[in-house]
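This report refers to the structure that appears directly beneath it.
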Amino acid sequence: MSDPQKPTLLVVDGHSLAFRAFYALPVDSFQTRDGQHTNAIHGFLSMLLLLLQNEKPTHLAVAFDKSRQSFRTREYEEYKGNRGETPVEFKGQVPILQEALQAMGITVLEKDDFEADDILATLATRGEAAGYRVLVVSGDRDTIQLVNDDITLLYPNTQGVSQLKRYDPAAVVERYGVRPEQYPEIAALVGETSDNLPGITKVGEKTAVKWLGLYGSLEGILEHIDEIKGVVGDNLRRERENAVRNRKLNRLVRDVELPVELDELEAKPIDLDAVTPIFTRLEFRTLLERVTKLVNGNGNGGAAGKPAASVAAVPAEDAPKAPTSARIAGTDLAIWLDAAVVAEPAGLGLQFELLDGKVVGAGVATKSESVELALVPGAPEFEAFEAWLASDAPKVLTDAKPQLKAAARSGLTVANVVVDPLVAGWLIRPNLQEKSLVDLVDRYLGETVPQGDPSQLVALEDESASTADLAWYSLRLAPVVLAAMSEGTRRVLAEIEMPLVPVLAAMELRGVAVDHDRLAGLSSELGGRAADLAESAFVEIGREVNLGSPKQLQEVLFDQLGMPKTRSTKTGYSTDANALADLQESNPHPFLGLLLEHRDATKLRQIVDSLDKAIGSDGRIHTTYGQVGAATGRMSSNDPNLQNIPIRTEDGRRIREAFRHGAEYTELLTADYSQIEMRIMAHLSEDPGLIEAFNAGEDLHRFVGARVFGVDEADVSPLMRTKVKAMSYGLAYGLSAFGLSKQLRIDRAEATQLMKDYFERFGAVRVYLRSVVEQAKIDGYTETIFGRRRPFPDLNSPNRVLRENAERAALNSPIQGSAADLIKLAMTSTERAIAEAGLRSRMLMQVHDELVFEVAEGEADELEAIVRDKMSHAVDLLVPLDVQVGRGASWDDAAH
DNA sequence: AAAAGAACGTA
DNA sequence: CGTACGTTCTTTTC
């Protein structure tokens with residue numbers, strides 16, 4: 001594998017990328033006032049900016065073909081002779097593109113008689129020799145021959161620069177079945193249509209690879225040309241000169257004389273004064289913004305977001321150097337580990353090296369020493385390492401969850417990770433989090449991990465951060481982040497977040513069984529329904545439009561049907577479900593209902609299809625939980641998101657029927673907290689009415705309704721119940737009378753009155769909510785019951801919109817956050833209790849206030865008892881915690 | 001081709 | 001003029 005810590009040289013085939021851009025973007029939409037086409041320029045620069053951000057090259061050049069003529073056309077007149085005339089709209093853009101690149105300080109190279117790929121080959125070869133890691137961006141397959149351990153080809157796939165296919169030697173072998181340096185021989189035999197180079201008739205990739213396997217090289221094949229049987233053998237004997245010629249032509253020249261030295265290609269900060277005029281001339285407004293952002297913002301924090309001085313420790317100049325890591329074998333490692341554990345009672349730094357989700361290596365560090373080991377099961381050092389991992393010896397591991405998963409997949413047990421600096425960093429700054437070890441080191445140690453930092457466009461010597469070095473950085477981060485935390489935050493880290501990490505890792509590995517056949521059936525049913533609805537809708541308006549396009553819908557609704565304008569959005573007028581419902585009320589039209597139904601059907605189908613795609617080879621869906629995602633302390637779920645599976649409609653629930661227990665299990669069990677946020681509000685506000693409501697254990701909304709409307713509980717009508725329910729839930733979000741009136745479709749006066757009556761009876765709630773905001777204005781942050789903090793810098797902003805948004809978020813945060821803390825505690829204790837009871841049943845999913853378990857044969861009752869116990873006693877509040885449990889064959893059946 | 005916006009699913 | 005998320009589809013970019 002290539003070493004990621006070397007300086008990076010990025011070389012780009014300008015024509016190939018510009019050409020892609022030209023055909024990807026509509027020519028007509030991109031021209032300046034005076035008629036200059038700009039689509040290729042715009043697309044190219046847009047892609048290049050993304051490349052710069054993603055790859056963070058330290059050195060950079062873009063090469064172009066100078067003309068169509070080159071030594072290859074002199075050699076073989078027909079070379080590339082089949083290419084049509086270059087469109088004039090494209091031609092004119094190239095010089096301007098080059099001008100723009102030069103303004104950006106990027107070296108542009110072209111050379112008489114050579115093609116761009118020869119320049120790339122030359123730079124790549126020179127870069128490799130000079131110790132660079134080289135990235136070649138080209139759409140020409142000939143550049144495959146350049147690939148080696150230090151040179152990676154980024155080859156445009158069907159879709160975009162963001163999804164460039166990375167060809168390292170292993171990827172080339174996987175795709176083409178030969179090593180990179182052999183690829184041109186394959187191409188020579190097969191021929192290259194796009195270059196007008198015919199190969200051997202009837203010889204394709206498979207035959208060529210087979211021959212190469214037999215005879216080792218093209219030369220070898222030709223030596224044994226008489227041994228090759230069949231028609232293809234005859235073809236080869238007849239057309240061998242084609243192959244010889246092709247091989248000659250597709251060999252890239254690696255020693256083109258160039259007017260620059262490598263170090264002149266160093267990426268310089270972009271000079272806005274040079275870029276602005278040309279971008280302005282091209283009328284590139286948003287691109288200029290992007291460049292400006294790249295220059296100023298540059299990734300994470302930068303100067304603007306530096307921490308208080310107490311946090312940033314060592315200035316970069318006197319940054320300690322990572323200790324030289326040793327490879328210690330056999331019993332020596334056991335001795336080293338024993339000594340290290342004593343030397344660092346707070347824990348050793350750890351870092352795994354992963355490949356394809358498995359552990360292939362690891363680094364372990366103390367403050368002054370580190371070791372690095374390749375993990376080969378059965379090797380002598382493996383045992384000592386494995387024993388230490390599984391022991392209670394404390395470890396510090398940054399971004400632990402994926403590494404714990406890989407460890408588990410590799411059969412390793414990792415116990416007692418006491419600090420994950422990534423999680424710690426999120427607790428300190430839950431909004432703008434540091435996303436990686438590199439970010440954390442920058443912020444909390446004030447040092448730069450060799451490589452990685454996007455704003456550092458400085459070439460580095462071959463000082464590379466090894467796995468052991470990363471372990472060492474983790475170790476040194478731990479005390480610094482701990483010192484930067486309040487005591488309460490430290491407790492949240494130690495008692496809530498760190499114990500949760502292995503629990504989440506286990507849940508993700510388990511996944512949840514999903515029935516493909518049910519999803520497939522549902523998908524086609526919904527698809528059919530959507531098609532029918534669309535057809536009916538088109539009949540209503542007398543034409544076909546894209547019902548998924550808000551823009552086209554606006555035309556239909558406001559122009560064609562002449563309906564009144566709805567809420568305005570940035571780009572026009574809203575066509576969301578709410579707006580359509582309003583229209584239906586004021587201007588009833590069958591189209592509206594059909595449209596809404598169509599939206600439902602397509603949305604559900606889309607969810608069904610994406611779930612179906614996510615089913616793995618084990619028949620299960622493995623989501624990834626984002627432990628450091630939400631600012632409130634909640635988790636998120638992605639790839640796919642299992643926390644937004646429909647439930648409100650009948651069709652939606654049918655999706656949940658596809659979530660089932662696995663074959664080794666008998667059913668699913670779901671357990672959820674009822675009205676958790678209201679209970680937390682009761683606890684925090686100490687409102688006697690609310691506390692009484694929960695202690696009485698009755699229907700909360702009936703209880704509240706009776707008091708708000710001044711009637712007996714028996715006389716609370718469904719409408720009254722709906723109203724107080726909306727009010728209660730809305731409270732925790734900072735709902736206004738206006739919002740309440742809109743949601744309930746009642747007038748403002750009635751909503752205001754409802755709120756007044758509500759607070760008359762439950763006044764402590766209002767007092768509490770106000771006090772949260774006021775205290776937050778003083779402190780600058782809110783805190784959950786457990787001490788989790790969330791800062792609110794906008795609370796004193798002069799900008800009213802910002803300020804009021806911050807106020808609502810602040811008042812919600814302790815409520816949502818405390819609920820998150822609570823269920824996290826419950827998850828950890830439930831997981832532990834299940835293990836201690838020796839059950840095979842297991843926890844699979846978390847949906848904010850709900851946990852889903854897979855029940856093993858004969859364990860249902862015991863599991864339910866454990867879950868009820870642990871969830872309802874996760875913490876002692878002024879009100880009881882009610883846990884609803886259900887069981888069934890599917891997630892839907894298990895709902896109660 | 002990439003980014004931004006609209007819409008919508010959950011708690 | 002209701003908090004917190006993630007995903008997908010369409011439009012814009014000039």
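Between A:Arg808 and C:dT3 there is a side-chain N or O to OP1 or OP2 distance below 4.0 Å. Residue A:Arg648 places at least one side-chain N or O closer than 4.0 Å to OP1 or OP2 of B:dA11. Of the side-chain N and O atoms in A:Thr632, none sit less than 4.0 angstrom from OP1 or OP2 of C:dT3. The side chain of A:Thr569 places an N or O atom within less than 4.0 Å of a non-bridging phosphate oxygen (OP1 or OP2) of B:dA6. An OP1 or OP2 oxygen of B:dA2 is reached within less than 4.0 angstrom by no side-chain nitrogen or oxygen of A:Arg290. Residue A:Ser574 places at least one side-chain N or O under 4.0 Å from the OP1 or OP2 atom of B:dA7. The side chain of A:Ser46 places no N or O atom within less than 4.0 Å of a non-bridging phosphate oxygen (OP1 or OP2) of B:dA1. Between A:Arg599 and B:dG9 there is no side-chain polar atom (N or O) within less than 4.0 angstrom of OP1 or OP2.
Atom CD of A:Gln743 and atom P of C:dT3 are 13 Å apart (whole Å). If you take CG of A:Asn638 and P of C:dA4, they are 19 Å apart, rounded to a whole angstrom. Spacing between atom CG of A:Asn54 and atom P of B:dA2 amounts to 9 Å, rounded to whole angstrom units. Between the CG atom of A:Leu52 and the P atom of B:dA2 there is a distance of 13 Å, rounded to whole Å. Across the protein-nucleic acid pair, A:Met755 atom CE and C:dC1 atom C1' stand 11 Å apart, rounded to whole Å. The distance from atom CZ of A:Arg748 to atom P of C:dC1 is 12 Å, rounded to the nearest whole Å. For the pair A:Gln846 CD and C:dA4 C1', the interatomic distance rounds to 13 Å; values are reported in whole Å.
No N or O donor and acceptor, one from the side chain of A:Asn641 and one from the base of C:dG6, sit under 3.5 Å apart. A donor and an acceptor atom sit less than 3.5 Å apart, one in the side chain of A:Arg634 and one in the base of B:dA11.
Between A:His701 and A:Tyr729, the ring center distance clears the sub-6.0 Å criterion. Taking the ring centroids of A:Phe792 and A:Tyr781, they lie at or beyond the 6.0 Å cut-off. For A:Phe30 and A:His37, the distance between ring centers is not under 6.0 angstrom.
Looking at heavy-atom distances under 4.0 Å, A:Ala577 makes contact with sugar-phosphate atoms alone, never a base.
The shortest side-chain heavy-atom distance between A:Lys777 and A:Val772 does not fall under the 4.5 Å cut-off.
Of the charged side-chain nitrogens involved, at least one lies within less than 4.0 Å of a carboxylate oxygen, so that A:Arg745 and A:Asp582 count as a salt-bridged pair. Between A:Glu750 and A:Lys723 there is a salt bridge, since at least one side-chain N of the basic residue sits less than 4.0 Å from a carboxylate O of the acidic one.
Judged by distance alone, the side chains of A:Asp140 and A:Ser138 never bring a donor and an acceptor atom under 3.5 Å apart.
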Open item on the list: Walk along nucleotides 8-14 of chain C from 5' to 3' and tag each nucleotide B, S or - by protein heavy-atom contact under 4.0 Å, base first, then sugar-phosphate.
Closed with: S-SSSBB

